[in-house]
Amino acid sequence: MAQKVERGYCPSTRARWPADRDARPFTRRTAMRLGFIGAGRIGRPMVRRLAEAGHEVRALGRSDEARAALAEDGAHAVAGAAETADGADAVLVCVYSDDQVRDVCLDGPLLSRMRDGSVLVLHTTGSPHTAEAIAARAAPHGVHVVDAPLSGGPHDVAAGRVTLFVGGADDAVQGIRPVLESYGDPVLHVGPAGAGQRVKLVNNALFAAQIGLLADSVRLGRQLGVDEAVLLGALTHGSATSRALAGVVARGSVSAFATAAGEFLGKDVQVIRQVAADSGGDLGALEGGLGALAGAPAPVLPREPGSGSGSAQTIARPANAVRAAGYETRGHRNGTG
């Protein structure tokens with residue numbers, strides 16, 4: 001749990017920040033002025049915890065409804081991404097894809113609006129090359145870039161226990177740590193800018209491969225006459241247990257879990273393949289697990305009323321349809337695995 005900062009600011013007033021306010025150094029007991037872009041499924045509980053910790057948060061809301069919700073969470077809602085940077089000590093970006101990160105940070109005016117000495121935090125899982133490119137573009141503005149992709153879900157953020165893999169200069173990471181600790185535990189500094197993304201991509205490739213190995217294990221169990229539910233329940237008590245196995249058991253089957261997890265992992269698996277290829281490497285044995293996942297059967301779901309005649313059940317075509325080149329992802333916004 002992050003240490004609560006003490007200050008006279010009341011988030012419920014949502015007052016604008018004075019433009020001439022002196023810049024303050026990052027200290028563990030100082031409330032900070034923060035911008036936030038990407039207050040969706042993952043980002044909104046971050047905004048809520050930041051406001052509850054006493055930080056002043058200007059968060060992007062693109063609709064009247066979104067801005068009203070952010071105001072209820074204690075943030076000052078603004079309609080433009082660049083507005084989040086006005087007077088901010090740091091701006092946090094938690095959008096869905098690497099392309100969206102580039103749109104916000106490289107193609108828009110955000111960096112030019114950020115003050116000298118401020119920090120840009122990239123929570124979106126994506127290419128380390130993107131983080132490095134943004135850091136190079138930010139340097140002439142005196143802006144420090146920290147990439148901090150997360151491992152966990154909205155419930156982990158809300159509880160203040162989401163894992164953060166952080167890359168960046170020592171001083172920048174140390175300065176922004178009190179902010180990250182508002183919702184992150186542990187906050188792991190793993191190297192320079194881009195290192196957080198590299199660790200997160202390996203994490204997600206390994207996690208996806210473990211799901212694939214579970215798919216093959218279930219197939220082997222069936223060949224040996226063991227029911228999937230019985231096998232999975234028993235394995236949780238053996239040396240083969242893992243977080244991936246726990247997730248599968250909670251969903252009831254490998255295919256059901258792959259449907260849910262693939263939406264988060266799909267884009268990341270494609271990125272790690274490309275990053276590995278760019279560096280002259282490959283995924284090695286991880287490819288076997290990903291290949292097994294590609295062959296996992298889709299779950300059987302009840303047919304929705306009005307969907308046509310025939311059987312009362314239908315084979316699901318999940319948004320994470322696994323293909324040989326990776327996962328195909330559609331429709332998800334602002335989430336990460």
Side-chain angles (χ1 to χ4, degrees), residues 9 11 13-26 30-40 42-44 46-47 50-51 54-64 66-67 70-71 73-124 126 129-148 166-169 171-173 175-180 182 193-194 196 334:
Y9 170 76
T13 64
R14 300 185 295 277
R16 282 190 171 274
W17 308 332
D20 59 349
R21 193 163 154 194
D22 292 336
R24 292 171 288 104
F26 288 119
T30 302
M32 300 184 194
R33 296 168 293 175
L34 305 173
F36 200 98
I37 300 170
I42 295 289
R44 188 175 171 192
M46 289 181 174
V47 169
L50 290 169
H55 299 294
E56 303 175 4
V57 185
R58 291 169 70 93
L60 174 64
R62 297 199 181 276
S63 67
D64 291 341
R67 288 189 289 273
L70 288 168
D73 291 335
H76 176 80
V78 297
E83 293 179 61
T84 64
D86 291 343
D89 297 314
V91 175
L92 299 90
V93 178
C94 190
V95 293
Y96 173 58
S97 69
D98 198 63
D99 286 343
Q100 291 176 353
V101 172
R102 297 182 72 90
D103 287 344
V104 169
C105 300
L106 295 177
D107 298 338
L110 179 67
L111 289 177
S112 64
R113 294 277 285 268
M114 294 182 68
R115 69 168 182 81
D116 185 9
S118 60
V119 178
L120 176 64
V121 178
L122 308 176
H123 279 310
T124 305
H129 303 320
T130 296
E132 292 163 348
I134 295 171
R137 182 80 65 86
H141 298 280
V143 175
H144 308 284
V145 174
V146 169
D147 58 304
V166 182
D171 289 348
V173 173
I176 201 65
R177 183 179 288 274
V179 171
L180 301 181
S182 297
N334 186 226

The test is side-chain contact (heavy atoms from CB on, under 4.5 Å); show your working for Val179 and Leu92 and say whether it passes. CA-CA 10 Å; Val179 171; Leu92 299 90; 4.1 Å; yes

Step by step, work out the side-chain contact (heavy atoms from CB on, under 4.5 Å) result for Thr84 and Leu110. CA-CA 8 Å; Thr84 64; Leu110 179 67; 4.0 Å; yes

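When the side-chain contact (heavy atoms from CB on, under 4.5 Å) test is applied to Ala66, the partners found at least two apart in sequence or on another chain are Ser63. The side-chain contact (heavy atoms from CB on, under 4.5 Å) test applied to Ser97 returns Asp99, Gln100, not counting sequence neighbours.
The CG atom of Leu106 sits 7.5 Å away from the OG1 atom of Thr130 when rounded to the nearest 0.5 Å. Between Arg115 atom CZ and Asp86 atom CG the span is 12.5 Å, to the nearest 0.5 Å. How far CD1 of Ile42 is from SG of Cys94: 6.5 Å, rounded to the nearest 0.5 Å. The NE2 atom of His144 lies 10.5 Å from the CD1 atom of Ile176; values are rounded to the nearest 0.5 Å. Rounding to the nearest 0.5 Å gives a distance of 8.5 Å between OG of Ser118 and CG of Leu111. Here the CZ atom belonging to Arg113 is positioned 6.5 Å from the CD atom belonging to Glu83, to the nearest 0.5 angstrom.
Between Val47 and Ala39, the closest heavy-atom pair is CG2-CB, 4.1 Å. Contact record, Val95 with Thr124: O-OG1, 2.7 Å, taken as the closest heavy-atom pair. Scanning both residues, His141 and Arg137, for their nearest heavy atoms gives CD2-O, 3.4 Å. Listed here is the closest heavy atom pair of Cys105 and Ile134: CB-CD1, 3.6 Å. Contact detail for Gly74 and Ala51: the closest heavy-atom pair is O-CB, 3.9 Å.
By the 4.5 Å heavy-atom criterion applied to side chains, Glu132 and Val145 are not counted as neighbours.
Using a 4.0 Å cut-off between charged side-chain N and carboxylate O, Arg102 and Asp107 make no salt bridge.
A donor-acceptor contact shorter than 3.5 Å links the side chain of Asp89 to the backbone of Arg33. The closest donor-acceptor contact from the side chain of Arg67 to the backbone of Gly61 lies under 3.5 Å. No donor-acceptor distance shorter than 3.5 angstrom exists from the side chain of His76 to the backbone of Arg58, with no hydrogens or angles considered. Between the side chain of Asp147 and the main chain of Gly194, a donor-acceptor pair closer than 3.5 Å is present.
Atom CG of Asp103 has more than 12 neighbouring heavy atoms from other residues, nucleotides or ligands inside a 6.0 Å radius.
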